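The structure displayed is predicted, hence computed values, not measured ones. Whatever order the structure lists them in is the order used to number ligands and atoms, beginning at 1. Along the sequence shown, the residues carry numbers beginning at 1.
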Amino acid sequence: MEFRKNDYVTVTIEDIGSDGEGIGKADGFTLFVKDAVIGDTVEAKIVKNKKNYAYARLERVLKPSPFRVEPGCAYHRQCGGCQLQALSYEEQLRFKQKKIRDNLVRIGGFAPEQVDACMEPIIGMEQPFRYRNKAQYPVGTDRDGGIVTGFYAGRTHTIIPNTDCLLGAGENKEILECILKYMRENHVPAYNEATGEGLLRHILIRKGFASGELMVCLVINDKRGSGLPRRERLIAALRQIPGMTGISVSLNNERTNVIMGREIRTLWGSDTISDTIRVRDMRTPGYPFTGRELTFGISPLSFYQVNPVQTEKLYSLALDYAGLTGRETVWDLYCGIGTISLFMACSAGKVYGVEIIPQAVEDARRNAERNGIKNAEFLAGKAEEILPGLCGEEKPQAGGADVFQDAAGSYHGPLEKPDVIVVDPPRKGCDAVCLDTMLRMAPSRIVYISCDPTTLARDLKLLCEGGYELRRVRGVDQFAMTVHCETAALLERTGQ
Ligand code: SAH
């Protein structure tokens, strides 16, 4: 049977799609129904149909799923940021566990029995709200010209006013309202994407959960170079907020979707905030603290994991997987501001971190110094370009036999080959050249941290075809209420 546009169908939702939509079958026809929850029986209206499947809009829940919960946020359907908020948290975790497993089987080609034997239960959150340490709010105007901030309604650039996202820190609301008040009182225009006119584009807020420190960065379109008018008034108001540590502006005069500009100017206070991550013992139930901890400086532009509570568990798990005894050389690829590298450095002989963004490399070096860590070295450049140079087979290292010059011009060397490689790439996964070089460097262990189970499965397949075996896999829920899924995996070399 075929459906036509605007047809009404009754369907029972049996699965969750990659964007969190409900998936069900009606007469052998697959339907994707946004906002329907696994276990629901719903009435849906076909909005777009293809040969074997169709997209339908949820009209009515006829029989609610036992996993349905009342979403805490009134905007969750419009916003689309929390695709899973209407699903119970236990069911969200079950969905992610299955997603990792199914990807390893379907894309990775691993035998289901093998995956089941080495996969441990996903680590969830005790309090799955208010976990994000970073928020980026767009600023614009409503129909009446009033200044608003909130979130973009799913796939549009219309701002729905809301200053209190339930995933973010409680302080965000006060900070945003303080900025809106300053704008209204001082006639500071919001940026208009359609015309490229106006001043304030976005507000970035970061919080160090351990330190309580807050940072605000206002992204402005400042072609005239005059900055924020009467900025002392804004600074005076923001400084009153407990924890406020730094206020800055970022200049972004481009007509682009990219939020942050390249240049940051500090208006008041510090240009970084700090946060502390404690090492946990992942082999003991409850994951008690080991007593070791590391403190990092974070600037407006640096990458830093958004969920600090879960990051402790993720990094501690990576450290456990690395199985260090104090002598090993570890290479941490895609190292950002060196967080994982420094975690590893406490238990390794030597650690090298590789990162594409030079400022992040500088942050990483400062973070090493801050923690008194002397056995970590950071190289600027693309992992896939730096690694092949190290094998020393195809091209001589720049700057002499034992010396390697990185993309930022710093000299390193002689560099030691890895016993353990840790990778934590962006969603697109590792570059093929990078994977190939990892195989040639032949470390005994590879720890792969991934924020996308599909590219993880693809890359693990390749590494396992090249002489490694999957030993352990575990999800860590870094992104509760959303479909995003973080995984750690351990591979061991089997010889060859
Ligand atoms: N491990 C860090 C950062 C992970 S995010 C942490 O946990 O905080 C991934 C990082 O990879 C980003 O900092 C990004 O700038 C960097 N990156 C992206 N492509 C890269 C490449 N080709 N080579 C090296 N680093 C890269």
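A cation-pi arrangement is found for Arg201 relative to Tyr191, the charged atom lying closer than 6.0 Å to the ring centre and inside a 45° cone about the ring normal.
At a heavy-atom cutoff of 4.0 Å, ligand 1 is surrounded by Phe303, Gln305, Tyr315, Tyr334, Cys335, Gly336, Thr339, Ile340, Glu355, Ile356, Ile357, Gly381, Lys382, Ala383, Glu384, Asp424, Pro426.
Listed for the Asp275 side chain is a donor-acceptor partner under 3.5 Å among the backbone atoms of Ala210.
The closest side-chain heavy-atom distance from Ile100 to Val473 is below 4.5 Å.
For Asp459, there are no salt bridge (Lys or Arg N to Asp or Glu O under 4.0 Å) partners, not counting sequence neighbours.
By the 30° and 60° cut-offs, the orientation of the rings of His157 relative to Tyr152 is parallel.
Atom CZ of Arg130 and atom CZ of Phe209 lie 9.5 Å apart (nearest 0.5 Å).
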